[in-house]
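Please read all numbers here as calculations on a predicted model, not as lab measurements. Keep in mind that the numbers below use all heavy atoms, side chains included, and drop hydrogens, waters and symmetry copies. Every chain is numbered from 1 and lettered A, B, ... according to where its sequence line falls, protein lines coming before strand lines.
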Amino acid sequence: MLDIKWIRENTDAVDLNMKKRGAEPVSSYILSLDEKRRDVMGRLQELQSQRNKISKEVGQAKAKGEDASHLFESMKTIGPEVKKLEEEERALQTELKDFVATLPNILDAAVPEGKDDTENVEVRRWGTPRTLNFEPKAHYDLGEDLGQLDFETAAKISGSRFAWSSGDLARLERALAMFMLDTHTEQNGFTEVNPPVLVTPQTMYGTGQLPKFGDDAFYTNDERDLMLTPTAEVSLTNYMADRIVQESDLPIKFCAWTPCFRKEAGSAGRDTRGLIRVHQFNKVEMVQIVHPEKSNEALQFMLGCAEDILQKLNLPYRVLNLCTGDMGFGSEQTFDLEVWLPAQNTYREISSCSKCGDFQARRMNGRFKDKDGKNHFVHTLNGSGLAVGRTLVAVMENYQNEDGSITVPDVLKPYMGGKEIIKAVSK
RNA sequence: GGAGAUGUGGCCGAGCGGUUUAAGGCGCACGCCUGGAAAGCGUGUUGGGGGCAACCCCUCGCAGGUUCGAAUCCUGUCAUCUCCGCCA
């Protein structure tokens, strides 16, 4: 959520930002609404002030045992007028807030210009794709041939875009998650959290999924309208909702391994096979709550944490600086990591690390108290560390052997009971 | 699912419908005192909004309502705790 005071003083920047994101200018509309609201508020406060004064006089008169009924006359007209202005003010306030809540975050100056994902800027590459002397299989073929990935069964149970894995492959995914969690907690200083994945609409609003992107999420028919989280970012970041922490508590670093639920509305026909795009997948997420001055530093740190996982797994990847046209709603700046997938002969997204400034903190009212006792909004960041399902895909395809078996990466062996190779189960 | 209890500034805790503009205490910050400290004394200490400013408005879990006037009365709702039932 943008600061209305800031919008008032930076109308050009607001409209320029909308343009960069490929949207229409909005500042004149906001300004006129804000002006109307402040006008009503001024008149309302004047009346409230009168009411308070008279009310006090009534109290004083009664205390002395005097008759105060003559004071009621003016109060009788003030009362309904106050109520009317209150309603007017509330309506304008709601209208303004509802509108501002739909505006995306202001992009960092370091974000490259570009119209869509084709114009993202590659920052660096790491690792060299393995040269195979055989035709690489796609992970879904590998998994099905191993007898440990079963999309038919998943479809029977839940419909399209779900997966069923079993045996060593299921364990390999768990191994990946444990390896990631252990690395982030033991090496990178994150605190492991087991958060709820079923959250209130208010929580989804806090991180920016609502009100604009409700169509992407699964709702329950629970009377509280609980929703399934599309990422643990939602639960973890909302730790700060209506909370004031001490400056010395920062940074707060959480990581969590949770299932994520996405409708994938609008992606019909894309990645219809396999684990790449499913309604339910597991992800290890990192969230940082930091002092505003540490935002940039924290973003680089988190990007490093995500890269480190790929490096330890020896998976080739590249880093992209997302361009203005491809940036998410709440983000100021985002780096994506794309991992090499031999069967697709291309890099595919496996992590996304974003800094959100005070955008989310403002929505959820998350603050810290500085040394002088003043409160400020915290800055929030989130990054995948990594998308576990897609990491499984990457390991399968990059570590596949000609006979269809999969070599277990060295760092995962301790988590696989020492198993070195995943082979087909006998049918 | 059923029954009951409780929600008041960072914490504890008062609060007959009108000087509550939320007592008192604890904690914290600053000052006085001291060689230094403790104790003592004094001052400040919820959060948000509007205004150049003086200052004003809102905020007692949340949302409605009653009233000239609500922390206080009414309704709904949420959270916490206790007991019963069910349950991994």
Side-chain angles (χ1 to χ4, degrees), chain A residues 1-9 30-101 194-206 210 220-227 235 238-250 252 258-259 358 360-378:
Chain A
M1 174 99 95
L2 302 180
D3 181 7
I4 181 68
K5 277 187 286 187
W6 186 87
I7 294 177
R8 248 179 245 150
E9 289 154 19
I30 295 174
L31 245 47
S32 70
L33 206 53
D34 182 48
E35 222 162 285
K36 243 196 284 182
R37 185 186 127 254
R38 282 194 290 165
D39 174 58
V40 171
M41 194 189 278
R43 285 186 283 147
L44 170 64
Q45 293 190 356
E46 173 60 30
L47 282 177
Q48 285 172 324
S49 180
Q50 278 181 39
R51 185 180 66 181
N52 288 346
K53 218 164 78 193
I54 296 170
S55 200
K56 192 155 81 178
E57 284 170 24
V58 172
Q60 287 167 346
K62 291 244 168 169
K64 290 183 202 152
E66 293 170 6
D67 176 41
S69 52
H70 64 286
L71 292 166
F72 293 169
E73 285 309 307
S74 48
M75 287 290 260
K76 271 184 179 138
T77 57
I78 290 175
E81 185 67 9
V82 164
K83 186 171 260 184
K84 201 188 104 207
L85 286 173
E86 266 175 357
E87 275 164 22
E88 226 175 293
E89 198 275 334
R90 200 181 313 153
L92 285 166
Q93 169 76 41
T94 304
E95 195 179 345
L96 183 63
K97 200 176 169 196
D98 285 355
F99 183 74
V100 174
N194 259 184
V197 296
L198 214 46
V199 302
T200 61
Q202 182 63 37
T203 299
M204 292 284 269
Y205 176 90
L210 289 179
T220 68
N221 67 352
D222 177 272
E223 66 275 11
R224 290 163 294 183
D225 294 323
L226 293 179
M227 302 168 75
S235 311
N238 273 282
Y239 170 80
M240 285 307 297
D242 293 313
R243 186 189 292 266
I244 302 175
V245 299
Q246 296 302 314
E247 186 170 356
S248 56
D249 294 333
L250 302 176
I252 295 167
T258 68
D358 63 9
Q360 295 178 321
R362 222 173 258 290
R363 294 172 88 90
M364 66 180 72
N365 198 25
R367 291 165 295 172
F368 73 94
K369 196 177 278 296
D370 71 17
K371 296 175 193 81
D372 300 324
K374 293 266 286 179
N375 296 330
H376 309 272
F377 289 109
V378 294

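At a cut-off of 3.5 angstrom, counting only N and O atoms as typed in the model, there is a donor on one side and an acceptor on the other between the side-chain of A:Gln45 and the base of B:G49.
In this entry the distance linking CD of A:Glu247 with C1' of B:G10 reads 17 Å, nearest Å. For the pair A:Gln50 CD and B:C55 P, the computed distance is 20 Å after rounding to whole Å. The distance from atom CD of A:Gln246 to atom P of B:C11 is 12 Å, rounded to the nearest whole Å. As rounded to whole Å, 18 Å separates atom P of B:G48 from atom CD of A:Glu89. Computed from coordinates, the A:Asp39 CG to B:C57 P distance equals 18 Å when rounded to whole Å. In this entry the distance linking NZ of A:Lys369 with P of B:G10 reads 7 Å, nearest Å. If you take CD1 of A:Ile244 and P of B:U45, they are 16 Å apart, rounded to a whole angstrom.
Helical stems in RNA chain B, defined as runs of 3 or more consecutive Watson-Crick or G-U wobble pairs with donor-acceptor distances under 3.5 Å: B:1-7 with B:78-84, B:10-12 with B:24-26, B:27-32 with B:40-45, B:47-50 with B:55-58, B:61-65 with B:73-77.
For B:G9, the O4'-C1' to base torsion is within 90° of 0; the nucleotide is therefore syn.
Looking at heavy atoms from C-beta onward, A:Val58 lies out of side-chain contact with A:Met75 at the 4.5 angstrom threshold. The shortest side-chain heavy-atom distance between A:Leu226 and A:Val199 does not fall under the 4.5 Å cut-off.
Note on A:Arg224 versus A:Asp222: salt bridge recorded, some NZ/NE/NH1/NH2 to OD/OE distance being below 4.0 Å. Ion pair A:Arg362/A:Asp358 flagged as a salt bridge, since at least one NZ, NE, NH1 or NH2 atom sits closer than 4.0 Å to an Asp/Glu carboxylate oxygen.
The phosphate of B:A63 has neither OP1 nor OP2 within less than 4.0 Å of any side-chain N or O from A:Arg90. Look at A:Asn52 and you won't find any side-chain N or O under 4.0 angstrom from OP1 or OP2 of B:G18. Not one side-chain nitrogen or oxygen of A:Arg37 sits closer than 4.0 Å to the OP1 or OP2 atom of B:G50. Between B:G50 and A:Arg8, a contact under 4.0 Å exists linking OP1 or OP2 to a side-chain N or O.
A donor-acceptor pair under 3.5 Å is absent between the side-chain atoms of A:Ser235 and the main chain of A:Val197, judged by distance alone. Under the 3.5 Å distance criterion, the side-chain polar atoms of A:Arg367 are left unmatched by any main-chain donor or acceptor of A:Lys374.
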Report task. Start with the C-alpha gap between A:Ile54 and A:Ile78, add the side-chain angles, then the distance that decides, and say whether side-chain contact (heavy atoms from CB on, under 4.5 Å) holds. Result -> CA-CA 10 Å; A:Ile54 296 170; A:Ile78 290 175; 4.0 Å; yes

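Within 4.0 Å (heavy atoms only), A:Arg43 reaches no atom of the nucleic acid at all.
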Under 3.5 Å, sequence neighbours excluded: what are the donor-acceptor pairs made by side chains of residues 80-100 of chain A?
from: A:Gln93; atom 1: OE1; to: A:Arg37; atom 2: NE; distance (Å): 3.0
from: A:Thr94; atom 1: OG1; to: A:Arg90; atom 2: O; distance (Å): 2.8
from: A:Glu95; atom 1: OE2; to: A:Tyr29; atom 2: OH; distance (Å): 3.2

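Ranked by how close their nearest RNA chain B nucleotide is to the 5' end, A:Glu46 and A:Lys5 are led by A:Lys5. Mapping A:Gly42 and A:Asn365 onto RNA chain B by nearest heavy atom places A:Asn365 closer to the 5' end of the strand.
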Query raised in the report: What string of B, S and - do you get for nucleotides 66-78 of chain B, 5' to 3', when a contact is any protein heavy atom under 4.0 Å?
Result: S-BS---------

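Side-chain proximity of A:Met41 to B:C56, B:G50, B:G48: nearest is B:G50. Taking only side-chain atoms of A:Arg38, from C-beta outward, the nucleotide of B:G51, B:G48, B:G49 with the closest atom is B:G51.
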